[in-house]
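For the single chain, residues carry numbers from 1 onward in sequence order.
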Amino acid sequence: MNKIDVLFSDNKKKNIKTNIAYIVAGYPNIDFTKSFLLNLDKTSVDLLEIGIPYSDPLADGSLISEASFKASEEGITTDSVFNLLMDIKDSITKPLVFLVYYNLIFSYGIENFIEKCIQSNIQGLIIPDLPYEESEDIFRKLSDKNISLIPLVSVTSENRIERIISRGSGFIYAIGSLGVTGSQHIDLNRLENFIENIEKKSDLPVALGFGIKNNDDVNTMRKYVDGVIVGTSIVSLTSSNDLETVIGEINNIFRQKKLNKYK
């Protein structure tokens, strides 16, 4: 088991759902990213997704795309991110995963990228532009190193869910909207059927992302899944470059109501 497996298992025993946040590395600047990571224990975030800046982020809405572009303009590269994480890894207690586009991994060299992930204590990868048909090689290489390949499934890929998740581990990233990040989520009846369909096909925990923006959204979606993912709202908050305010607002977004029972 890696840290992701332990996290979801422990939270289920505690009758709580897992809080997952997303930031863009190097946005609004690399010093903020470093400070945020060093203060992650002050937040209610259980697991953090770190986006490596990329010039053509297909799955991202305009706000995250702009943040990624600005970080790239400031000279943030894959090496910049690895160097930062390796510098502070001993101070990070919570699981970190990358949301990274496959072209970045491929151009870096798959084996080199995985080795740097190990050195940086990265527990998993989310690769939005990697289709199932092309995922076998990296899935096996990651599995050998106990790094999760976190599969993305959406309501538009329901006929392919079983195949997609067969090469996944850690958790299943369920896409709760029909568009890019920041879009409106699908209606709740369709969402419930979608999640039930996933759970019939896998024992992996399910986390829901895309379209979850505030505390009301978070508490509504917790009824259906094991974890909730907030990205666009948090990236927007980080633009302030005000660490204490960002931490306070994140804790408000993830403020958790008591569950009667774990789903």
Side-chain angles (χ1 to χ4, degrees), residues 2-4 20 22-27 30 33 47-62 64-87 89 95-154 156-157 160-161 163-175 179-181 204 207 209-210 229 231 235:
N2 73 8
K3 286 185 178 181
I4 299 172
I20 302 173
Y22 170 83
I23 63 168
V24 174
Y27 180 79
I30 198 68
T33 302
L47 183 152
L48 182 66
E49 296 177 15
I50 300 173
I52 299 180
Y54 181 55
S55 60
D56 190 22
L58 302 175
D60 296 323
S62 58
I64 293 178
S65 294
E66 183 179 352
S68 183
F69 179 74
K70 286 182 177 178
S72 295
E73 276 195 319
E74 292 298 314
I76 303 302
T77 64
T78 305
D79 275 327
S80 304
V81 180
F82 278 132
N83 290 340
L84 169 62
L85 293 177
M86 284 189 274
D87 185 44
K89 65 179 182 179
L96 304 179
V97 304
F98 278 146
L99 192 151
V100 56
Y101 288 87
Y102 186 71
N103 277 347
L104 283 177
I105 301 173
F106 183 77
S107 61
Y108 200 87
I110 295 172
E111 287 80 6
N112 289 337
F113 189 90
I114 293 173
E115 183 58 34
K116 287 290 187 71
C117 286
I118 295 167
Q119 295 172 17
S120 306
N121 286 343
I122 292 295
Q123 302 295 305
L125 300 183
I126 302 164
I127 311 175
D129 58 342
L130 181 66
Y132 164 81
E133 289 78 8
E134 298 173 24
S135 65
E136 183 176 5
D137 180 55
I138 194 166
F139 170 67
R140 297 194 184 284
K141 288 175 178 174
L142 291 171
S143 297
D144 288 344
K145 302 298 184 180
N146 198 30
I147 297 175
S148 296
L149 179 61
I150 297 158
L152 290 131
V153 296
S154 74
T156 59
S157 59
R160 290 164 47 83
I161 286 175
R163 279 186 292 167
I164 293 170
I165 62 181
S166 70
R167 290 185 188 151
S169 57
F171 66 92
I172 296 168
Y173 191 134
I175 298 173
V180 295
T181 54
L204 288 174
F210 287 52
I229 304 165
V235 174

- Mind checking whether Ile126 and Val97 have side chains closer than 4.5 Å, heavy atoms only? yes
- Task: Would you name the heavy atoms of Ser148 and Ser169 that are closest together and state the gap between them?
- Result: CA-OG, 3.2 Å
- Task: Can you measure from CD1 (Ile114) to CD1 (Ile138) and round to the nearest 0.5 angstrom?
- Result: 5.0 Å
- Query: To the nearest 0.5 Å, how far apart are CG in Leu130 and CZ in Phe106?
  - Reply: 12.0 Å
- Item | Over 12 foreign heavy atoms within 6.0 Å of NZ, Lys89 | yes
- Can you tell if the side chain of Ser157 reaches within under 4.5 Å of the side chain of Ile164, non-hydrogen atoms only? yes
- Message: Restricting to non-hydrogen atoms, name the atom on Leu104 and the atom on Ser107 that form the minimum distance, rounded to 0.1 Å.
- Response: O-OG, 3.1 Å
- Using distance alone, with no hydrogens and no angle criterion, decide if Ser68 and Ser65 have a side-chain donor and acceptor under 3.5 Å apart. no
- Query: Is there a side-chain contact between Tyr173 and Pro151 (heavy atoms, below 4.5 Å)?
  - Reply: no
- Task: Say whether, by atom type as modelled, one donor and one acceptor occur between the side chain of Asn2 and the main chain of Ile147 under 3.5 angstrom.
- Result: no
- Item | pair Leu125-Ile150: side-chain heavy atoms closer than 4.5 Å | no
- Task: Could you give me the CA-CA distance, side-chain angles and deciding distance for Ile64 and Tyr22, then say whether side chain to side chain contact (heavy atoms under 4.5 Å, CB included) is met?
- Result: CA-CA 10 Å; Ile64 293 178; Tyr22 170 83; 3.8 Å; yes
- Query: Is the backbone of Tyr102 close enough, under 3.5 Å, to the side chain of Asp129 for a donor and an acceptor to pair up by distance?
  - Reply: yes
- Message: Less than 6.0 angstrom separating the ring centers of Tyr108 and Phe82, yes or no?
- Response: yes
- Looking only at heavy atoms, what is the nearest atom pair of Gln123 and Ile4, with distance? O-CD1, 3.7 Å
- Query: What closest approach, in Å, do Gly170 and Leu204 show between heavy atoms, and which atom pair accounts for it?
  - Reply: N-CD2, 3.9 Å
- Residue pair Arg160, Glu133: steps toward the salt bridge (Lys or Arg N to Asp or Glu O under 4.0 Å) verdict: CA-CA 11 Å; Arg160 290 164 47 83; Glu133 289 78 8; 2.8 Å; yes
- Task: Verify, without hydrogens or angle tests, whether Arg167 (side chain) and Tyr132 (backbone) share a donor-acceptor contact under 3.5 angstrom.
- Result: yes
- Distance-minimising heavy-atom pair for Ile229 and Ala207: CD1-CB, 3.8 Å
- Item | Minimum side-chain heavy-atom gap Thr77-Ile52 below 4.5 Å | no
- Query: Do the side chains of Leu96 and Asn121 get nearer than 4.5 Å, heavy atoms only?
  - Reply: no
- Say you draw a straight line from NZ of Lys3 to CG of Asn146; how long is it, rounded to the nearest 0.5 Å? 11.5 Å
- Task: Mind telling me whether Phe98 and Phe113 have parallel, tilted or perpendicular rings, with 30° and 60° as the class edges?
- Result: tilted
- Closest non-hydrogen atoms of Ile175 and Ser154, given as atom of the first, atom of the second and distance, are CB-CB, 3.9 Å
- Item | Carboxylate-amine/guanidinium contact Glu136 Arg140, below 4.0 Å | yes
- Task: Would you give the length of the straight line joining atom NZ of Lys116 to atom OG1 of Thr78, rounded to the nearest 0.5 angstrom?
- Result: 9.5 Å
- Taking Asn83 for its side chain and Asp79 for its backbone only, find out whether a donor-acceptor pair lies under 3.5 Å. yes
- Residue pair Ile50, Leu99: steps toward the side chain to side chain contact (heavy atoms under 4.5 Å, CB included) verdict: CA-CA 6 Å; Ile50 300 173; Leu99 192 151; over 6 Å; no
- Test item: Phe171 and Ile20 side chains (from C-beta on) under 4.5 Å apart, heavy atoms: yes
- Item | Residues Glu66, Lys70; criterion salt bridge (Lys or Arg N to Asp or Glu O under 4.0 Å); working and verdict | CA-CA 6 Å; Glu66 183 179 352; Lys70 286 182 177 178; 3.1 Å; yes
- Item | Note, Leu84 side chain near Thr33 side chain (heavy atom, < 4.5 Å) | yes
- Message: Checking Ile118 against Glu115 for the side chain to side chain contact (heavy atoms under 4.5 Å, CB included) test, could you report, in this order, the C-alpha distance in whole Å, the side-chain angles of both residues, the deciding distance, and whether it holds?
- Response: CA-CA 5 Å; Ile118 295 167; Glu115 183 58 34; 4.0 Å; yes
